[in-house]
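Read through the structure below, which is laid out as structure tokens, and then see the notes.
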Amino acid sequence: MNVYLTRGLQALALCALSLPAFARPVSYAGGHMFMADHLPDMDALSYTYSPSARWSASVGALRVDQLARSGRLDLDYVRASRLLHRWNLPSAQANAFGWVGLGNARTESGSGLGRHVGVQLDYETRRIYTSFVSELHEGVGYSNRFDTAAIGWAPYAHDVDRVATWIVLKGQRSSGAIDDSVKPSAVLRLFTTRWWLEVGADGDGRPVANVMLNL
Amino acid sequence: MKILNRLLPLTLAVLVLGAGFATTAEARSLRMEVNGLVCAFCADGITKAFKKEPAAGDVFVSLEDRLVAVDLKDGQDMSDAAVTKLLTDAGYKVVRIQRSDATVAEIKAELSRE
């Protein structure tokens, strides 16, 4: 059963056009976002400020384990993100984001400048959500690309005064990991105008979680 | 009698135009149909953007109705261009802007009855 579930999640995740393990990298003008992300082989913390609906600046820390060449990566970074394009449809919205970041990277091979670049595509209605995120990290002794596809379904169409509920399936792959296969996960996502919470498990039953505060 | 005949159309025109201006001047709220409203974060960003406007009072966003409604403070207004710029800068597409004699509270009540 677990094999079928895992394969099913992988297939769904790969079929999704999709998006994030992450929320959108740019908020509204004047928006502050605090985010914490936990995966079995990764932890991330970040703070993002958006001076406009087009740009944002972030500071954050990232830890990635189980990398083939460097073992573990610890990265403290600054990042600039840009909303490249938004398609506003009557009952849907699609976005293309891009970002670049620099920071101090520490691995078993040494420490030095770490750089990363990423893109995110998403499409969302009040009932369907898809996204795709790809992020390339390079530095002394490591080069990894993280790809995440997600597809979500909401059992009801939420409005502003209600908590939104989503069931999200994700497939994540790290090209530089010891095990570079697609790792599926399923999460329950709840969000309001102020906060976002995701909790679930990966294909091996290990917990995954994501929390975001929006001020 | 001739003078009266000449004055009558002019009087009617003044009354009609006057009534039109009065409607605009007395608008109590703005109703905007907006594309791209799909999540609570969208609504929060738009609400905060309008709250910075001196002419704006209460703000209401309905994802279901793709509606943004904003109370206008007494004697104040926002031009269509200003409203369009605000919503475009916030990341959304304005489809229609209407002025209404109903307040935001009345609009909310009307929608909740539908």
Side-chain angles (χ1 to χ4, degrees), chain A residues 23-33 48 50-56 82-97 122-131 152 154 156-166 189-196 212-215, chain B residues 29 31-54 56-71 78 82-98 104-114:
Chain A
R24 291 175 180 161
V26 181
S27 181
Y28 50 76
H32 301 264
M33 287 193 301
T48 297
S50 300
S52 81
R54 294 267 170 195
W55 286 97
S56 73
R82 167 83 172 166
L83 170 61
L84 302 173
H85 193 76
R86 172 169 291 169
W87 294 266
N88 284 309
L89 307 172
S91 298
Q93 184 186 110
N95 298 285
F97 296 97
D122 65 75
Y123 172 84
E124 183 179 357
T125 71
R126 290 197 296 147
R127 299 294 301 276
I128 299 294
Y129 168 81
T130 62
S131 68
Y156 58 88
H158 65 283
D159 216 309
V160 176
D161 55 349
R162 299 177 70 184
V163 176
T165 303
W166 291 84
R189 173 187 299 167
L190 304 171
F191 77 87
T192 69
T193 57
R194 287 281 176 266
W195 54 265
W196 152 317
M212 195 260 281
L213 291 177
N214 184 47
L215 304 173
Chain B
S29 67
R31 291 179 68 139
M32 287 78 71
E33 182 182 340
V34 179
N35 280 359
L37 293 178
V38 293
C39 69
F41 293 155
C42 309
D44 198 36
I46 288 172
T47 299
K48 285 183 176 175
F50 273 107
K51 289 285 187 185
K52 294 176 184 172
E53 293 295 319
D58 283 349
V59 182
F60 169 62
V61 179
S62 168
L63 305 182
E64 172 71 26
D65 300 287
R66 295 184 283 150
L67 169 76
V68 177
V70 180
D71 271 341
M78 290 181 68
V83 170
T84 300
K85 183 176 187 312
L86 185 149
L87 288 167
T88 302
D89 287 348
Y92 302 92
K93 182 179 179 182
V94 185
V95 177
R96 183 179 299 119
I97 302 171
Q98 295 176 302
V104 162
E106 291 166 342
I107 291 169
K108 284 171 75 171
E110 173 194 332
L111 291 174
S112 67
R113 282 195 298 270
E114 291 177 356

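What you are looking at is a predicted structure, and each value in this text was computed from that prediction instead of being measured. Letters A, B, ... are given to chains in the order of the sequence lines, protein chains preceding strands, and every chain is numbered from 1.
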Produce the donor-acceptor pair table for chain B versus chain A, cut-off under 3.5 Å.
{"from": "G36(B)", "atom 1": "N", "to": "L89(A)", "atom 2": "O", "distance (Å)": "2.9"}
{"from": "G36(B)", "atom 1": "O", "to": "Q93(A)", "atom 2": "NE2", "distance (Å)": "2.8"}
{"from": "V38(B)", "atom 1": "O", "to": "H158(A)", "atom 2": "NE2", "distance (Å)": "3.4"}
{"from": "D44(B)", "atom 1": "OD1", "to": "R194(A)", "atom 2": "NH1", "distance (Å)": "3.3"}
{"from": "D44(B)", "atom 1": "OD2", "to": "Y28(A)", "atom 2": "OH", "distance (Å)": "2.8"}
{"from": "D44(B)", "atom 1": "OD2", "to": "R194(A)", "atom 2": "NH1", "distance (Å)": "2.6"}
{"from": "K48(B)", "atom 1": "NZ", "to": "Y28(A)", "atom 2": "OH", "distance (Å)": "2.8"}
{"from": "L63(B)", "atom 1": "N", "to": "D159(A)", "atom 2": "OD1", "distance (Å)": "2.9"}
{"from": "L63(B)", "atom 1": "N", "to": "D159(A)", "atom 2": "OD2", "distance (Å)": "3.4"}
{"from": "E64(B)", "atom 1": "N", "to": "D159(A)", "atom 2": "OD2", "distance (Å)": "3.0"}
{"from": "E64(B)", "atom 1": "OE1", "to": "R126(A)", "atom 2": "NH2", "distance (Å)": "2.4"}
{"from": "G91(B)", "atom 1": "O", "to": "R86(A)", "atom 2": "NH1", "distance (Å)": "3.2"}
{"from": "G91(B)", "atom 1": "O", "to": "N88(A)", "atom 2": "ND2", "distance (Å)": "2.9"}

Query raised in the report: Looking at A49(B), C42(B), A40(B), which has the largest count of heavy-atom pairs under 4.5 Å with chain A?
Result: A40(B)
Query raised in the report: Any idea which heavy atoms bring A53(A) and G91(B) closest together, and the distance?
Result: CB-N, 4.4 Å
Query raised in the report: Which bit of A164(A) comes within less than 4.5 Å of chain B, counting heavy atoms only: side chain, backbone, both or neither?
Result: neither
Report task. Mind checking the CZ-CE spacing from F41(B) to M212(A)? Nearest 0.5 Å is all I need. Result -> 3.5 Å
**Report entry** Non-neighbouring partners of F97(A) that pass ring pair (Phe, Tyr, Trp, His ring centres under 6.0 Å), sequence neighbours left out
**Finding:** none
